[in-house]
Amino acid sequence: MTNVSITGIKGMNDILPGEVEAWQFLESSARRVFAAFGYREIRVPVVEKTELFCRSIGETTDIVEKEMYTFADKGGTSMTMRPEGTAPVIRAFIEHKLHTLDPVSKLYYLGPMFRHERPQKGRYRQFHQIGAEVIGLDDPKIDAQVLAMLSHFFATVGIDGVTLQINSLGCPECRPAYRQALLDFLQARLGQLCADCQRRAATNPLRALDCKVPGCIEATAGAPAVIEHLCTGCDLHFEAVRSHLTELEVPYTVNPRMVRGLDYYTKTTFEMVTDRLGAQSAVAAGGRYDRLVADLGGPPLPGIGFAMGEERLALLLGARDDASPRPALFIATLGVEAERFGFRLLTRLQRQGIYAEMEYAGKSLKAQLRRADKLGARRVLILGGDELARGIAQLRDMAAGTQEEVPLTELDARLGLVVCD
RNA sequence: GUGGGUGUAGCUCAGCCGGUAGAGCACUGGAUUGUGGCUCCAGGUGUCGAGGGUUCGAACCCCUUCACUCACCCCA
């Protein structure tokens, strides 16, 4: 209201008490699930040299072309707030030669990412991802295992209504031929395509397959699919992934039109999609990147990974029961003496890990009880001048509405306090 | 970057055809000078998002601007 107050930055949100519990639940669930599959956490900086993202994500992607928070530091180096997590993780992997410790690295990370886009539902400028990467294996079994883990995570946190879609993008061997086939197909129907798709035909023909304009969906209905143009190696790999998914009873559908926004993907790609997020459909996405480690100057190791959007997960989790903590004891006092006694007792309880509250503003007993009720306190200790004089306190059970007199000498035992302080 | 919607009390919102604001919830106090929930009573701060214009008079009409929001593009 006051026009002088400082507000937060557009698209960068505060996560308040009441919301943060869902985030903690998602993060602890992810840690537990990932640990069981052998992943270890890695923490990397939020800022990297700009070049890292240009080289990994691709110079001509939207992310690199117009969505990065890039600035020059005081030495003049171009720095960028990370728009995704895989590139920094691979950079760290290479820099610390993690492949010399173990031929296979399974890593996970979580934290904020930054993209300068126009915010909307499920899409923010600072958003948070939970991601995992496996480096050093190209066996289709690991593709299936990654998907099994992802799918299990959703089951664990209780998010349903999501579907796993998979596709294969081929490799540098089979992709050029496919790209040409698609290009020929689109060129022949250019007139039927929307303006955006006509542009895409020139820049990124795969995107035309993803267009939502009815005319384009119709025009591209018979377009060649990547998975029909895979080379033998990629085809065998994809078939093996599929059969392993069936063995592991991971439900999935093949979406031959699935497209990636980052250039480094090869072979298997996948998304966890939903129709409950407004215009956003992907809650998690990832794929194989068999060239990336080498492209960034590391050993020629294959990799596969995914990232989940934490805001999107939280939206799907929906409003959960308010888990605000309830005090085990509320201390209500009347008079200076009693207040002093109560304040000491309060601190002793808190030091022993027992959540206790009291009123600090010297209000009426009625007001104190009202606050105790609002906080959901299970019991209230009532201490007035009368009680102090008699060496007792009233211990009230809020749910039952009953109370009893407890001698002060027995108070510690009744409140579960260890006797020596 | 482009388009739509919405801005009125702490929150959710009402406010007709222009006559300078209301309800519910929440909060505080009281009914009960020391006993919560239920009930009843009382209590109010709004620069009506901001700036300008039309008018005797604007929350309402016009213009501009900002914020939020949804969607396009694109993506987790």
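Just so we're on the same page: letters track the sequence lines, and every chain starts at 1.
Nucleotide B:rC27 forms a pair with B:rG43, judged by Watson-Crick or G-U wobble geometry with both contacts under 3.5 Å. If you check B:rU54 for Watson-Crick or wobble pairing at under 3.5 angstrom, you find it has no partner at all. In this structure B:rC72 sits in a base pair with B:rG1, meeting the Watson-Crick or G-U test at under 3.5 Å. Pairing partner, B:rG22: B:rC13, with both Watson-Crick or wobble hydrogen-bond distances short of 3.5 Å. The nucleotide B:rA67 finds its pairing partner in B:rU6, both defining distances of the Watson-Crick or G-U wobble pair being shorter than 3.5 Å.
Straight-line distance between the C1' atoms of B:rC62 and B:rG3: roughly 22 Å, to the nearest whole Å. Atom C1' of B:rC11 sits at a distance of 7 Å from the matching atom of B:rA26, rounded to the whole Å. Rounded to the nearest Å, the gap between the C1' atom of B:rG43 and that of B:rC48 is 23 Å. Rounded to the nearest Å, the gap between the P atom of B:rC16 and that of B:rU20 is 12 Å. Comparing B:rA42 with B:rU12, their C1' atoms sit 24 Å apart, to the nearest whole Å. Going from the P atom of B:rG52 to that of B:rA58 covers 13 Å, rounded to whole Å. One P atom belongs to B:rU39, the other to B:rC25, and the distance between them is 9 Å to the nearest Å. Nucleotides B:rU32 and B:rG51 place their P atoms 49 Å apart, quoted to the nearest Å.
A:Gln394 contributes no side-chain N or O that forms a donor-acceptor pair with the base of B:rG34 under 3.5 Å. Taking only distance into account, the side chain of A:Arg396 meets the base of B:rG36 through a donor-acceptor pair shorter than 3.5 Å. With hydrogens and angles ignored, no donor-acceptor pair closer than 3.5 Å exists between the side chain of A:Gln368 and the base of B:rU35.
Among the atoms of the strands shown, none is found under 4.0 Å from any heavy atom of A:Glu65. Across all strands shown, A:Gln403 has heavy atoms under 4.0 Å from base atoms, whether or not it also approaches the sugar-phosphate. Contact annotation for A:Ala284: backbone-only contact, meaning every heavy-atom pair under 4.0 Å involves sugar-phosphate atoms and none involves a base. A:Ile130 comes within contact range of no nucleotide atom at all, as no heavy-atom separation falls under 4.0 Å. No contact: A:Gly131 has no heavy atom under 4.0 Å from any strand. Counting any heavy atom pair closer than 4.0 Å across all strands shown, A:Tyr124 reaches a base atom. Within the nucleic acid shown, A:Gly286 has no heavy atom closer than 4.0 Å to any nucleic acid atom.
Side chain of A:Lys121, nearest nucleotide from B:rC70, B:rC74, B:rG34: B:rC70. For A:Ile382, taking side-chain heavy atoms from C-beta onward, the closest of the listed nucleotides B:rU35, B:rG36, B:rA76 is B:rU35. Closest to the side chain of A:Ala367, out of B:rG29, B:rG37, B:rC74, is B:rG29.
Here B:rA76 presents its P atom at 13 Å from CG of A:Leu150, a figure rounded to the nearest Å. In this structure, A:Leu381 places its CG atom 17 Å from P of B:rU35, rounding to the nearest Å. Atom CD1 in A:Ile9 sits roughly 12 Å away from atom P in B:rA67 (whole-Å rounding). Between A:Arg370 atom CZ and B:rC38 atom C1' the separation is 13 Å, expressed in whole Å. Atom CD in A:Glu359 sits roughly 14 Å away from atom C1' in B:rG29 (whole-Å rounding). As a whole-Å value, the separation of A:Leu110 CG from B:rA76 P is 17 Å. Rounded to whole Å, the distance from CG on A:Leu369 to C1' on B:rU28 is 16 Å. In this structure, A:Arg312 atom CZ and B:rC74 atom C1' are separated by 10 Å, rounded to whole Å.
Nearest-nucleotide positions on RNA chain B place A:Leu383 closer to the 5' end than the other of A:Leu383 and A:Ala307. Nearer to the 5' terminus of RNA chain B, by closest-nucleotide assignment, is the contact made by A:Lys66 (compared with the other of A:Lys66 and A:Gly309).
When the side-chain nitrogen and oxygen atoms of A:Lys366 are compared with OP1 and OP2 of B:rG30, none of them lie within a distance under 4.0 Å. Taking side-chain N and O atoms only, A:Lys10 has no distance below 4.0 Å to OP1 or OP2 of B:rC66. For the pair A:Gln120 and B:rC72, the criterion of a side-chain N or O lying under 4.0 Å from OP1 or OP2 is met.
Taking the ring axis of A:Phe185 as reference, the NZ or CZ atom of A:Arg189 stays within 45° of it and closer than 6.0 Å to the ring centre.
Judged by distance alone, the side chain of A:Gln368 and the main-chain N or O of A:Lys363 form a donor-acceptor pair under 3.5 Å. When atom types are taken as modelled, the side chain of A:Ser78 and the backbone of A:Ala72 share no donor-acceptor pair closer than 3.5 angstrom.
Heavy atoms from other residues, nucleotides or ligands lying under 6.0 Å from CD1 of A:Ile9 number 12 at most. Remark: A:Phe343 CZ is loosely packed, at most 12 non-hydrogen atoms of other residues, nucleotides or ligands lying under 6.0 Å away.
When side chains are defined from C-beta on, A:Asp143 does not count as touching A:His244, because their heavy atoms never get closer than 4.5 Å. Residues A:Ile227 and A:Asn167 are in side-chain contact: their nearest non-hydrogen atoms beyond the backbone lie under 4.5 Å apart.
A:Phe34 and A:Phe306 have perpendicular rings, their planes meeting at more than 60° on a 0 to 90° scale where under 30° would count as parallel.
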